[in-house]
Amino acid sequence: AALLLDARATSERAAGELTSIARAFASLLAVPLARRPAPRTATFRAEDLVGSDPAFRGAVDAARRAARCRLPVLIHGETGTGKEGLAHLVHEAGKRAAGPFRAVNCAALPDTLVEAELFGAVRGAYTGAVRDFPGLFRLADGGTLLLDEVGELSATAQAKLLRVLEQAAVRPLGGADEIPVDVRVVAASHVDLGGRVRRGRFRADLYYRLAVLRVDAPPLRERLGDLPALVRHLLDRLARENDVPRTRPSDRTLGRLARHDWPGNVRELRAVLARAAVRADGRVLRPAHLDLESSPPYPTEPERAAAPATLEQRMIAEALDAAGGNLAAAARRIGWTRQKLRRRARALGLHPADAPDQLPSPSSSSTFQ
């Protein structure tokens, strides 16, 4: 599926705001789209784990060792380092290879739908539940379930996930009975979950349940010796699966790529190569075809923690402003309950009350700068 938003941004700041809106909107659309079958071109192959760097081979070997048993695995690594590929390897190198492999991005699931998506829901359990949905744990029964970005789950969702892992059974939303499941859980995170435990942002008991075995995916900047092989592999795959013109990099191109910091790691490299291959006017990929400046840096964990939730703050403040400060009316505009609106606003430091003058407006509050 594809989402196209067309807008004319008059400034760099406006473009950044539009990007935030697009990502939030795409996250909402990802929930129903996640139930669609994955395209066949996304099939994992072991040969896609390209590289001879000792740190990378150590991660691959650790994933293969983990595949021999049924213990939970935590894969840690920066965004774009290939954590899902390592999770596929854990699945396909083990005894569950004949079973299903399911993956879910926990960061894309709204709090209101986490329980239904993971554990299932019966018809009528919530508005829009027109039929029973088994949930990803039951869909992965006999196989492996990847919980990507597991650190983004809310405290409530963490508690429910812990119970499922301990009981090996799920209770669908709106259901009365628990249903046994046999699932190998692989969790992945680009943030340090141990650090989040120390800061009280992730349950210690869930962390120890998930991180029985650990695999660390090294960033691309720490294994630049693998860059030539990675570049050729990715260009071949782009040509094979996306009808991108087949090209080969020049030595100068490889040198230019080696000087880049790669904050987005292999995922960023693939995007850069795709753009360059389309621009290339021949079979040789030259430095002039590269567009490295359009690759924005990914925020670090301290930057993510310090950054205000601008989009949600503005949504709440603007809804209250349009409703004249009436919490119930503002909640209806957003599609939330009055209680959730008050809770989220307070969590974001807005401290709403029934009186409209006690909530800062979007134009006057420094939190929106």
Side-chain angles (χ1 to χ4, degrees), residues 12 15-16 19-20 23 42 44-63 75-89 105 107 148-149 151-152 188-192 195 214-239 241-242 244 247-280 284-305 307:
E12 184 177 345
T19 300
S20 298
R23 286 176 175 166
F44 167 78
R45 299 177 307 173
E47 54 265 32
D48 291 331
L49 296 172
V50 176
S52 58
D53 179 85
F56 180 73
R57 297 317 307 176
V60 172
D61 292 342
I75 303 176
H76 176 264
E78 295 179 8
T79 299
T81 51
K83 296 187 293 296
E84 185 166 351
L86 291 170
H88 271 284
L89 181 60
N105 185 344
D148 198 8
E149 301 303 346
E152 303 302 321
S189 176
H190 78 282
V191 301
D192 179 14
R214 175 164 171 149
V215 178
D216 289 288
L220 181 56
R221 63 181 174 274
E222 294 181 4
R223 58 181 191 106
L224 291 178
D226 289 338
L227 197 61
L230 264 174
V231 168
R232 293 184 177 92
H233 173 78
L234 290 173
L235 287 173
D236 285 343
R237 187 164 182 178
L238 284 167
E241 296 180 358
N242 300 93
V244 173
T247 59
R248 284 291 180 267
S250 68
D251 291 341
R252 290 182 59 198
T253 300
L254 291 175
R256 178 65 186 90
L257 293 173
R259 292 193 297 273
H260 188 60
D261 192 45
W262 299 112
N265 295 291
V266 178
R267 184 178 294 134
E268 180 189 359
L269 174 62
R270 185 181 188 278
V272 168
L273 293 176
R275 290 194 297 266
V278 171
R279 290 193 185 98
V284 179
L285 204 64
R286 304 189 184 281
H289 301 138
L290 300 177
D291 180 18
L292 297 175
E293 301 303 322
S294 65
S295 300
Y298 284 81
T300 63
E301 172 62 8
E303 290 171 339
R304 286 166 54 89

[X] versus [Y]: any side-chain heavy-atom pair under 4.5 Å?
X      : Y      : result
Leu285 : Leu273 : yes
Leu292 : Arg256 : yes
Thr253 : Val284 : no

Rounded at 0.5 Å granularity, tell me how far [atom1] in [X] sits from [atom2] in [Y].
X      : Y      : atom1 : atom2 : result
Asp216 : Leu86  : CG    : CG    : 10.0 Å
His233 : Arg237 : NE2   : CZ    : 5.5 Å
Leu227 : Leu220 : CG    : CG    : 6.0 Å
Thr79  : Glu149 : OG1   : CD    : 6.0 Å
Asp261 : Glu268 : CG    : CD    : 8.5 Å
Glu84  : Arg267 : CD    : CZ    : 8.5 Å

Closest heavy-atom pair and its distance - [X], [Y]:
X      : Y      : answer
His190 : His76  : O-NE2, 4.0 Å
Pro287 : Ser250 : CD-OG, 4.0 Å
Ala274 : Val244 : O-CG1, 4.5 Å
Leu224 : Trp262 : CD2-CD1, 4.1 Å
Thr81  : Pro218 : CG2-O, 3.7 Å

Passing option when Asp226 is tested against Val50, Val266, Asp53 for side-chain contact (heavy atoms from CB on, under 4.5 Å):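 For Asp226, the side-chain contact (heavy atoms from CB on, under 4.5 Å) check succeeds only for Asp53.
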side-chain contact (heavy atoms from CB on, under 4.5 Å), paired with Asn265, selected from Glu78, Arg223, Arg270, Glu222: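 That would be Glu78; it is the only one of Glu78, Arg223, Arg270, Glu222 passing the side-chain contact (heavy atoms from CB on, under 4.5 Å) with Asn265.
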Lys83 (side chain) donor-acceptor with Ile75 (main chain) under 3.5 angstrom: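 Not at all, since once roles are kept as given, no pair shorter than 3.5 Å links the two residues.
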Test item: His289 side-chain N/O and Arg286 main-chain N/O as donor-acceptor pair under 3.5 Å: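 Yes; at least one donor-acceptor contact below 3.5 Å.
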Residue Arg221 excluded, over 12 heavy atoms near CZ under 6.0 Å: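 Enclosed.
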Contacts of Arg232 that satisfy salt bridge (charged side-chain N to carboxylate O under 4.0 Å, His left out) - sequence neighbours left out: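 Expected list: none.
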Side chain to side chain contact (heavy atoms under 4.5 Å, CB included) evaluation trace for His260 with Val272: CA-CA 11 Å; His260 188 60; Val272 168; 5.9 Å; no
Listed partners of Arg248 passing side-chain hydrogen bond (donor to acceptor under 3.5 Å, both in side chains), at least two apart: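 Expected list: Asp236.
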